[in-house]
Amino acid sequence: MKSHSKVAAVLSLSLSMVLGAALPAMADPATSVNNNVNFSTDVMYQIVTDRFSDGNPSNNPTGAAFSSDHSNMKLYFGGDWKGIINKINDGYLTGMGVTAIWISQPVENITSVVNYSGVNNTSYHGYWPKDFKKTNAAFGNFTDFQNLISTAHANNIKVVIDFAPNHTSPASSSQPSFAENGALYDNGTLLGNYTNDSKGLFHHKGGTDFSTIEDGIYRNLYDLADINQNNNTIDKYFKEAIGLWLDLGVDGIRFDAVKHMPFGWQKSLASSMYSGNHPVFTFGEWFLGPDETSPDNVKFANSSGMNLLDFAYAQEVREVFKDKSETMTDLNSVLESTASSYNYIHNMVTFIDNHDMDRFQAAGSSTRPTEQALALTLTSRGVPAIYYGTEQYMTGVGDPYNRAMMTGFNTNTTAYKLIKALAPLRKSNPALAYGTTTQRWVNNDVYIYERKFGNSVALVAINRNTSTPYPITSLLSSLPAGNYTDVLGGLLNGNSISVGSGGAVTNFTLAAGGTAVWQSTAPASTPSVANVGPTMGKPGNTVTIDGQGFGSSAGTVYFGTTAVTGSNIVSWEDSEIKVKIPNVAAGKTTVKVTTASSTTSNAFSNFNVLTADQVTVRFKVNNATTSLGSNVYLVGNVAELGAWSASDAIGPMYNVVEETYPTWYYDVSVPAGTPLQFKLIKSNGTTVTWEGGSNHTYTSPTSGVGTVTVDWQN
Ligand code: NOJ
Ligand code: NOJ
Ligand code: CA
Ligand code: CA
C-alpha cells in the first residue's frame, strides 16, 4: 500500500540520517517468494484466523462478542496474525511442509453482535466486511499484517487472503438499526449503507432463492447487503482495495462467492490485478453439492481468468472415503471427467473439508479415511489445501462446529507425518504438480493411479477397506525397472514393490487400509510446458511458464505463431520462464517453448489473450421477444464479445431481476476505451437468429463501468 511503503521509506530515511549511513535496502515483500502465480507445487493450509492461535490477547474483542473459553462458537475466540506468526516461527507449519497459508478475509468487519432468534452472532469468520481498506482489529493492525507477510516469506510460505466483494454485512431493508445497516466505508469515510443508498452501491431485490444464476447474482445472499458492482464508486473502490493488499505482498486471493457476482465484473477485476505490479494466483469459491455438476462452474473456471476451488473433487472424495456411498471406480470417473472439462486442471484447488462442510474426521471413527483422503489429495492434480486441524483429527458437524479452536499442535500425529512426507514431493517430483493421471488398477475399494510428467512418475495405491487386504496382480506402471520403497515408509501400511522391464509390477498384497506411494524422477528428454500463470492477460503483461527442460540459456517462446524474444523474455531458467505477452491477436491461443538448441515443447492450450485492459459494460436490449426455449446472446467484433462467432456469443442474457423480459441484460468484460460493434442473437441451442440492420456501435469507457442500451432490430 502506497501510504505504508511511504511510511517505511520515511522511517528508513530518517534513521539513515541519524546513523549517517544508508541502511541496507529492504527486501520487497511482494517479490520474496519465487512464484506467486502458480501454486501447483505448493501445499496450502487454510486457517480460520480467529480459531487458530491467539498471539496477542490485547486485541481480543470484549464483552458479548468474545468467548474466552471458546465454548460459544459464534463469538470471537481471539486468534490473530500474531498467533499465525508464532506458529510459523515455532516450525509447526514449515515442519508439516506447508508452503502457503490461506487466511480469513483480513479487512475490517462490523463489530456489532447480531442477534438471530435469540442467538448472538459475530463476524469472527471475516465475512461481514465494512471497510476493505482497513484491517480487522481483532486480527491485528497493518504492522502485524506486514509482519505476517515478512515472516511467512522468510519461511518460503505464500500468503493467500480471502476476499468477499459480493457483500458487506447483514442488513434489513426496513430496519436501519439492524446490525450496522450494511454500511460500507472507504478507509474510514462512509460511502453508504443499505437503507440510505443514494449512490446505488447495493442491490435492493431481496434475498435469493438460489433458483437461477441470475437470481443468485443480483439478490442478497441470505441477508447480506449485496454490492452492486455495476457502479463506478464500487468498481474503483474494489480495484483500489485489492491493489492495497497486493502491494502489501499478498501472494494469492481466494474470492468468496464467485457464483454470486457478475462474471464480467470478476473478469475485469482479475484483469486489473494481472495488469498491475503484483499479479497473483486467484481462485474462487463456487460451491457444488455432492454429485452436482454445473456447466456454468466449468465455464467460469475456463474463461474468467480466475481458478476455482475443486468442489467436484472434494465432494467425491467425501463420498468415497468418508460416507462410503461411492466407490473407487466412481472416484476415477470424476478425476477423468474433471480433467477433461477444466482447461486448467493443475490450478484447481483440491480439499477434503473446509469451514462450510462437516469436518472430514467423524467423531469416534477410524482416522484412516482422513489419512487416505489426505494422501490422495497430496498426490493428485491441483493445488492441495488442508483445512486447519484436519491433521489433528478435529471433528465438528456443520457451521460453526467445524470451526472450533485449534485443539493442539501435535507434530506426531500420523496425519501430520503424512503431510510432512508428501508435501516436499510436490516440489521434487513434477509428476505430482503437473502430471497426467492414469488409472492402473481399480475395484470398489482399491485405486491405483499413476501420475506422469516427462520422465517423472509417481504410482499411488490406496485400499480404503480397513479389514480386507487385496492381492494386486497384472499391475503395469511407467516406473523404470527396479525396486521401490514406499515414500511413506509404511506409515499407512504400504509395501515395497519391484518393477520389471516394461513396467510390470511383481504381484503383491495391498494391506487392509494400506496406502503407498512409489516414485521416480528423471531429467526431461524434451522441453515440456506444464503451466502458464496467470492464464489470461493483455499484451505487455508478464506471465510465468513452468515446466522442465527449457535449458539454461534463453530460446524463444511462442504465443500462437508469434515469437517472444529479446527483452520481452524477462527471465529464463530450466524449469521456469517469465515473458511479456507479445502483440498477438486476442483470443485463446497456445504457448510453446523452443529451446536455444531448437527443440520445441508441447503446446499449452487456451491461454486467453485480452485485447487490452478491461472494463465492465452492461449490455441491455429492449423488445427482444423469444419463443419458449430461446434465449438472447450478445456477439461482437472483439474476442471478448466472441469475435462475431455465434458459438462464442456471450450469454444467455438475463431477463428477470435487474431488467425484465422482453428486456435482456448482461454484464460483460470488454476492452477499455474501445469502439465496439455488436449484435444480439436469439438461439434455442440449434437455430440461431441474428438481429437485422447495421451493427450497433458503442465506445467502452476508459475506466470504470458503462451501460449501453439498444432496441432489438428486426
Ligand atoms: C462462502 C464462505 O465460504 C462462507 O463461509 C460464507 O459464509 C459465505 N460465502 C458468505 O461470505
Ligand atoms: C456477422 C453478422 O452476420 C452480421 O449481422 C454482422 O453485421 C457482421 N458479422 C459484422 O461484420
Ligand atoms: Ca488476539
Ligand atoms: Ca451478488
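For ligands, and for the atoms within them, numbers begin at 1 and follow the listed sequence. Not measured: the values here are computed from a predicted model.
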Quiz prompt | W265 vs D235, side chain to side chain donor-acceptor pair (under 3.5 Å): CA-CA, chis, key distance, verdict | solution = CA-CA 8 Å; W265 184 73; D235 181 72; 2.9 Å; yes

Quiz item: In D54, the N, O or S atom nearest to the Ca ion (ligand 3) is which?
Solution: OD1

Quiz item: By atom name, which N, O or S atom of D80 is the nearest to the Ca ion (ligand 3)?
Solution: OD2

Which residue holds the protein heavy atom closest to [atom], what is that atom called, and what is the gap in Å?
atom                   : value
atom 7 (O) of ligand 1 : Y127 CD1, 4.0 Å
atom 2 (C) of ligand 1 : D256 OD1, 3.1 Å
atom 3 (O) of ligand 1 : D356 OD2, 2.5 Å

Do any N/O/S atoms of [X] come under 3.0 Å of the Ca ion (ligand 4)?
X    : answer
H260 : yes
A257 : no
N166 : yes

Quiz prompt | Vertex the Ca ion (ligand 3), rays to OD1 in N59 and OD1 in N60 - rounded to 10° | solution = 90°

Quiz item: Would one find an N, O or S atom of G78, in either backbone or side chain, under 3.0 Å from the Ca ion (ligand 3)?
Solution: yes

Quiz item: Going through the checks in order, is the side chain to side chain donor-acceptor pair (under 3.5 Å) test met by S104 and Y124?
Solution: CA-CA 9 Å; S104 301; Y124 75 90; over 6 Å; no

Practice problem: For H355, take its heavy atoms, then give the atoms of ligand 1 lying under 4.0 Å from any of them. | Solution: 2 (C), 3 (O), 5 (O)

Quiz prompt | R254 NZ/CZ over Y127 ring centroid, <6.0 Å and within 45° of normal | solution = no

